[in-house]
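Presented below is the structure to which this report refers.
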Protein chains: 2
Amino acid sequence: MTDDLPATRPGRWRSGAQSRQRVLDAARTLFAARGYSGTTVRAVAANAGVDPAMVYYFFGTKQGLFSAALEMSPQVAPALHAVFAGSLDSMGVRIIRTLLEAMDASDHVPLAILTRTAPHHDESEVLLREFIDRELTDRLMAMLDAPDAAMRVGTVNAFILGVAVARYVVRMEPVASASVDELVARIGPTLQQCLTGPTA
Amino acid sequence: MTDDLPATRPGRWRSGAQSRQRVLDAARTLFAARGYSGTTVRAVAANAGVDPAMVYYFFGTKQGLFSAALEMSPQVAPALHAVFAGSLDSMGVRIIRTLLEAMDASDHVPLAILTRTAPHHDESEVLLREFIDRELTDRLMAMLDAPDAAMRVGTVNAFILGVAVARYVVRMEPVASASVDELVARIGPTLQQCLTGPTA
DNA sequence: GTCTATAATTAGATAGAC
DNA sequence: GTCTATCTAATTATAGAC
């Protein structure tokens with residue numbers, strides 16, 4: 001939150017990129033904590049230790065800052081690829097494990113921002129839906145060959161969305177503090193049942 | 001949203017209570033749609049067809065209006081009582097059916113406001129957690145006699161939270177448009193498994 | 001109860017000096 | 001790149017007339 005960035009060979013990046021990164025970090029933290037309209041550009045600037053005008057210099061508008069804060073880190077794609085590489089009958093545990101590990105790593109906060117701001121910010125609501133559809137729903141549907149595939153995937157989506165909200169947004173115990181392993185052991189099989197289990 | 005209230009025997013309520021109710025309705029709609037900081041008192045007043053000053057006359061502050069909008073309707077308590085009246089092994093379907101029917105009825109919007117504003121408004125975050133704990137977690141824990149009761153109830157909480165968010169907040173298909181019966185048939189048994197099923 | 005007028009504050013955004 | 005100064009608009013909230 002304050003100043004603790006490595007020197008990174010002084011003069012190499014001329015020094016501007018560091019401020020930009022600090023603003024981005026502060027923005028991610030605040031958007032995730034207070035939502036879009038609850039976050040002020042001034043507060044972001046203060047937390048980043050720079051002048052409010054710099055934020056506009058870098059990102060143009062508050063909306064531009066928000067969009068930049070939502071950029072996914074490059075590790076997400078490979079992780080998701082691994083999920084769908086394995087067999088269908090162990091899909092449940094891989095989905096929940098990948099989700100939890102991705103969101104526990106703090107450099108993947110964009111997903112946290114989405115689940116936090118989606119409720120009241122139109123753009124993030126669309127983005128969240130699109131992200132889930134593109135990365136999860138579509139690929140899952142392609143693997144399932146059942147007439148009720150849509151509903152099966154829908155319940156899986158709802159469940160993992162709930163886990164994400166409970167753990168990272170509302171922080172409801174014991175889900176908020178449980179270890180990844182324990183949650184995977186609990187939730188993985190349940191997801192699997194939604195996906196490939198018998199129709200009740 | 002505009003003026004379509006019955007006369008209700010003119011002069012009976014002196015006419016003030018009607019404005020108050022319209023403000024409350026408009027507030028519920030807007031808080032649910034745009035969150036706390038995204039909703040302005042002026043917008044609420046405009047949607048209610050009254051002057052902004054009236055809102056302050058009735059509710060003092062914006063926060064007061066918010067609290068008033070969160071008052072649960074009196075039908076909630078009996079509905080929840082019925083959930084816990086039945087046997088433990090059909091608890092899953094009763095929980096999800098009660099939740100869906102309560103939230104589909106538009107006069108129970110407070111719950112929708114909570115799930116929508118909790119992410120970024122501190123008070124609603126606490127209120128949502130307390131509501132779920134008091135009305136669900138505590139009573140469920142009392143009925144379960146297992147060492148892992150907390151985790152079982154925790155996953156149930158996460159699941160129904162996810163269903164609520166998917167159906168009423170992010171409106172993710174097919175959960176958003178599915179019938180109550182279909183969702184109950186899908187999700188009820190899964191909840192039941194979380195609650196009383198074998199440990200995976 | 002209802003409205004006008006307005007105070008006090010705060011937000012997003014810009015121009016321009018250094 | 002960075003900051004000072006500032007403009008404009010919107011917001012919460014109040015005092016007081018009718």
Side-chain angles (χ1 to χ4, degrees), chain A residues 2-3 5 7-27 30-31 33-70 117 120-124, chain B residues 2-3 5 7-27 30-31 33-70 117 120-124:
Chain A
T2 33
D3 27 353
L5 287 172
T8 349
R9 260 190 287 159
R12 179 59 179 86
W13 285 341
R14 284 297 168 82
S15 93
Q18 281 158 15
S19 293
R20 196 190 141 97
Q21 189 56 45
R22 292 160 63 106
V23 171
L24 223 37
D25 290 344
L30 286 176
F31 279 134
R34 305 215 261 256
Y36 183 80
S37 50
T39 298
T40 68
V41 172
R42 301 168 114 90
V44 170
N47 269 21
V50 306
D51 193 276
M54 283 217 59
V55 179
Y56 290 101
Y57 172 74
F58 283 128
F59 303 98
T61 68
K62 181 183 180 180
Q63 182 63 45
L65 173 64
F66 184 75
S67 300
L70 283 180
T117 56
H120 58 291
H121 189 61
D122 284 346
E123 181 186 350
S124 32
Chain B
T2 33
D3 27 354
L5 286 172
T8 351
R9 259 189 288 158
R12 177 60 179 83
W13 286 340
R14 283 295 168 82
S15 92
Q18 281 158 13
S19 293
R20 197 191 141 96
Q21 189 56 46
R22 293 160 62 106
V23 170
L24 222 38
D25 290 344
L30 286 175
F31 279 134
R34 306 215 260 254
Y36 183 80
S37 50
T39 298
T40 69
V41 173
R42 302 167 109 89
V44 171
N47 269 21
V50 305
D51 193 276
M54 284 219 57
V55 178
Y56 291 101
Y57 172 74
F58 283 128
F59 303 99
T61 68
K62 181 183 179 180
Q63 182 63 45
L65 173 64
F66 184 75
S67 300
L70 283 181
T117 57
H120 59 290
H121 189 60
D122 284 345
E123 180 186 350
S124 34

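Letters A, B, ... are given to chains in the order of the sequence lines, protein chains preceding strands, and every chain is numbered from 1. For the numbers below, each heavy atom of this structure counts, side chains included, while hydrogens, waters and symmetry mates do not. Quick caveat: nothing in here was measured; it's all calculated off a predicted structure.
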Checklist entry - Got a sec, which residues hit side chain to side chain contact (heavy atoms under 4.5 Å, CB included) with A53(B), two or more places apart in sequence or on another chain? => result D51(B)

Next on the checklist: Can you list everything that forms a side-chain hydrogen bond (donor to acceptor under 3.5 Å, both in side chains) with S37(B)? Sequence neighbours excluded, please.
Outcome noted: S37(A)

Write out a two-atom table: protein N or O, nucleotide N or O from nucleotides 13-17 of chain D, distance below 3.5 Å.
residue : atom : partner : partner atom : Å
dA13(D) : OP2  : K62(B)  : N            : 2.8

Checklist outcome for this item: To the nearest angstrom, the CG-C1' distance between L65(A) and dA11(C) comes to 15 Å

Next on the checklist: Tell me the interatomic distance from M54(B), atom CE, to dC18(D), atom P, rounded to whole angstroms.
Outcome noted: 19 Å

Item to check | Aromatic ring pairing Y36(A)/F66(A), orientation class (parallel under 30°, perpendicular over 60°, tilted between) | outcome: perpendicular

Checklist entry - Within this structure, what is the OH-to-P distance between Y57(A) and dG1(D), rounded to whole angstrom? => result 4 Å

Item to check | All side-chain hydrogen bond (donor to acceptor under 3.5 Å, both in side chains) counterparts of S124(A), not counting sequence neighbours | outcome: T117(A)

Item to check | Under-4.0 Å side-chain N/O to phosphate OP1/OP2 contact, T40(A) with dT10(C) | outcome: no

Checklist entry - Within the structure shown, what part of the strands sits under 4.0 Å from T39(B) by heavy-atom distance: base, sugar-phosphate, or nothing? => result sugar-phosphate

Next on the checklist: Does F58(A) reach a base, just sugar-phosphate, or nothing at all? Heavy atoms under 4.0 Å.
Outcome noted: sugar-phosphate

Next on the checklist: What is the separation between atom CG on D51(A) and atom P on dC18(C), rounded to the nearest whole Å?
Outcome noted: 16 Å

Item to check | T61(B): partners by side chain to side chain contact (heavy atoms under 4.5 Å, CB included), with sequence neighbours left out | outcome: Q63(B)

Checklist entry - Which residues satisfy the side chain to side chain contact (heavy atoms under 4.5 Å, CB included) test with A33(B), sequence neighbours excluded? => result none

